> 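First the structure, then my questions, so here it is.
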Protein chains: 2
Amino acid sequence: MSPATDPPKRRTFRGLPLEQRQRERHERFMEAGLALYGVRGYHGVTVRELCTEARLTERYFYESFKDREALFGEVYQRQVEQLRGRVLEVIRRHQPDPRAMARAGLETFFQGLREDPRCARILFVDVLSISPAMTEQSRQVTSGLSGFLLQFTQALYPQLKGSGLDPQIIATGLVGACINVAMHWVYDGFEQPVESVRDNCYALFEAMILSWSVKTSTAG
Amino acid sequence: MSPATDPPKRRTFRGLPLEQRQRERHERFMEAGLALYGVRGYHGVTVRELCTEARLTERYFYESFKDREALFGEVYQRQVEQLRGRVLEVIRRHQPDPRAMARAGLETFFQGLREDPRCARILFVDVLSISPAMTEQSRQVTSGLSGFLLQFTQALYPQLKGSGLDPQIIATGLVGACINVAMHWVYDGFEQPVESVRDNCYALFEAMILSWSVKTSTAG
DNA sequence: ATAAATTGACAATCAGTGTTGTCAATTTAC
DNA sequence: GTAAATTGACAACACTGATTGTCAATTTAT
């Protein structure tokens, strides 16, 4: 049917095969996305700016991503996985002391944001105002976080069940507390030392657990 | 210098003086802003749509507002003041019982969001991704909220000072907890009864206060 | 009744932006 | 060396949206 234009034959260029060149371009756009989205937000950044930042052209942008939102989605997902991975790793390393695990996890979380404040904007601000699809993606991530927290505390304190409270709501609240503290910390330019932020958030966790065990021990 | 076109003489129309007509138009745009921004978000709404919703034309939009952002700012500020006013009022009405005050305040907060879910999106989501100016406005509001919470708890529990924790961070965390719980509640379609949401958030407050007084009493 | 003010509908302008296409220059395979 | 693949710069196109301007119809004051 079509007049049969032979597809161009792939070949190496500057010593690199096609796949690697494509991966490198993809990677440069990812970095440009982090740099621009993370500072000016999703809606304030154009495709052209992303291309300039990546030192590539529009053609390659659409080679790697369906549209602007797709790039944001990938940047978002990568940030989530990087930070989550670091936190899980450090938690594992502090087993089995639950307090050390919680404190180290919190500290790693906050350290990650301080090392790269752009992460905070991408993870907690812009993702919510792009599209219903991105909002859903974000909600799944934070729900997963609450779920993990839930599992963690219930494994450590099995007596927490049956206190009349809703563990899911409590977990959602604690996650929200950390996020809000983190955001203010970031926007205030990291005034407080990371140890203070960590300890105060940990205090929220501990308070909740304490109160829980008190309630359940007096109730049971 | 200018060819001296006389300014049009103001007069009544449909029995209403100019000021009142302008105020009514302004009001219709405010309602349109709440309706559209509150559902589709700031970036998804155009001036034309706002005009259609308000059953007015672009000319009147720019009569009332400098631009799209100005309308959002006013809608935001009004929502803040309405909700805050209701919460403060009900807290006052439950004086002097601190638990009743806290629980009633929380319940009013959540009820307000349930009665008008558009409020949640405007207050907690979109305001953060519009401009640095709007972000700053939002931060001032939530800082004010944390400040109020701080004052409230410190007045009730003067022994809380000197526990080694940073009350400002704790307050920021508690506010973030309520916001996050509220957002998930809204987006989940108000599955849980408002009493449950209220009680669980209150439990966070109470846990914090309890833990605080325990720490200070054992330390002092 | 008439002229002026007011309104509403909509055209016109102007600036961006996403997206696709062109083309010359560069690099590679043969 | 030559043809094909690849790249990079940028033009072209289509579309959207903010903002200003036009004008006829309506209402009011005198």
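We name chains A, B, ... by the order of the sequence lines, and we start the count at 1 in each one. The structure displayed is predicted, hence computed values, not measured ones.
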> Looking for any heavy atom pair under 4.0 Å, which part of the strands does A:R48 touch: base, sugar-phosphate only, or nothing?
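Here A:R48 touches the bases of the nucleic acid.
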> If I take atom CZ in residue B:R68 and atom P in nucleotide D:dA18, what distance separates them, rounded to the nearest angstrom?
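Whole-Å distance recorded here is 5 Å.
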> Check the pair A:H184 / B:Q168 against side-chain hydrogen bond (donor to acceptor under 3.5 Å, both in side chains), numbers first and verdict last.
CA-CA 11 Å; A:H184 279 259; B:Q168 188 64 60; over 6 Å; no
> What is the distance, to the nearest angstrom, from the NE2 atom on A:H43 to the C1' atom on D:dG17?
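The answer, rounded to whole Å, is 15 Å.
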> Does the pair A:R78/A:E27 count as a salt bridge with the N-to-O cut at 4.0 Å?
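So A:R78 pairs with A:E27 through a salt bridge.
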> Taking the side chain of B:T57 as heavy atoms from C-beta outward, which of C:dT7, C:dT28, C:dG8 is closest to it?
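Between C:dT7, C:dT28, C:dG8, the one nearest the side chain of B:T57 would be C:dG8.
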> Any base atoms under 4.0 Å from B:Y60, or only sugar-phosphate, or nothing? Heavy atoms, all strands.
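Base, at least one base heavy atom under 4.0 Å.
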> Measure the distance from CD on B:E58 to P on D:dG17 and round it to the nearest whole Å.
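Distance check: B:E58 CD to D:dG17 P gives 13 Å.
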> In this structure, how many angstroms lie between the P atom of D:dG17 and the CG atom of B:D67, rounded?
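Whole-Å distance recorded here is 16 Å.
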> Whole Å only: how far is the CD atom of A:E49 from the P atom of C:dG16?
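These atoms are roughly 12 Å apart.
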> Ion pair present between A:R92 and A:E89, side-chain N to carboxylate O less than 4.0 angstrom?
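The answer is yes: the pair qualifies as a salt bridge.
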> If the plane angle is over 60° it's perpendicular, under 30° parallel, otherwise tilted; pick one for A:F124 and A:F109.
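Answer is tilted, since the angle falls between 30° and 60°.
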> In whole Å, what is the span from the CG atom of A:L16 to the P atom of D:dT6?
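Taking atom P of D:dT6 as the reference, CG of A:L16 is at 13 Å.
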> Tell me which of B:V47 and B:R59 sits closer to the 5' end of DNA chain D, going by the nucleotide each one is nearest to.
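By nearest-heavy-atom nucleotide position, the 5'-most residue is B:V47.
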> DNA chain C: A:F61 or A:T12, which has the more 5' nearest nucleotide?
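Nearest-nucleotide comparison on DNA chain C picks A:F61.
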> Between A:R25 and D:dT7, is there a side-chain N or O to OP1/OP2 distance below 4.0 Å?
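For A:R25, the contact criterion (side-chain N or O under 4.0 Å from OP1 or OP2 of D:dT7) is met.
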> To the nearest Å, give me how far apart CG (B:L56) and P (C:dG8) are.
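Interatomic distance, CG of B:L56 to P of C:dG8: 6 Å.
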> Which nucleotide sits closest to the side chain of A:F13: C:dT28, D:dG17, C:dT7?
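In terms of side-chain proximity for A:F13, the closest of C:dT28, D:dG17, C:dT7 is C:dT28.
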> In this structure, how many angstroms lie between the C1' atom of C:dT7 and the CZ atom of B:R55, rounded?
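Checked: the CZ to C1' distance equals 16 Å.
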> If the plane angle is over 60° it's perpendicular, under 30° parallel, otherwise tilted; pick one for A:Y37 and A:Y42.
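Tilted.
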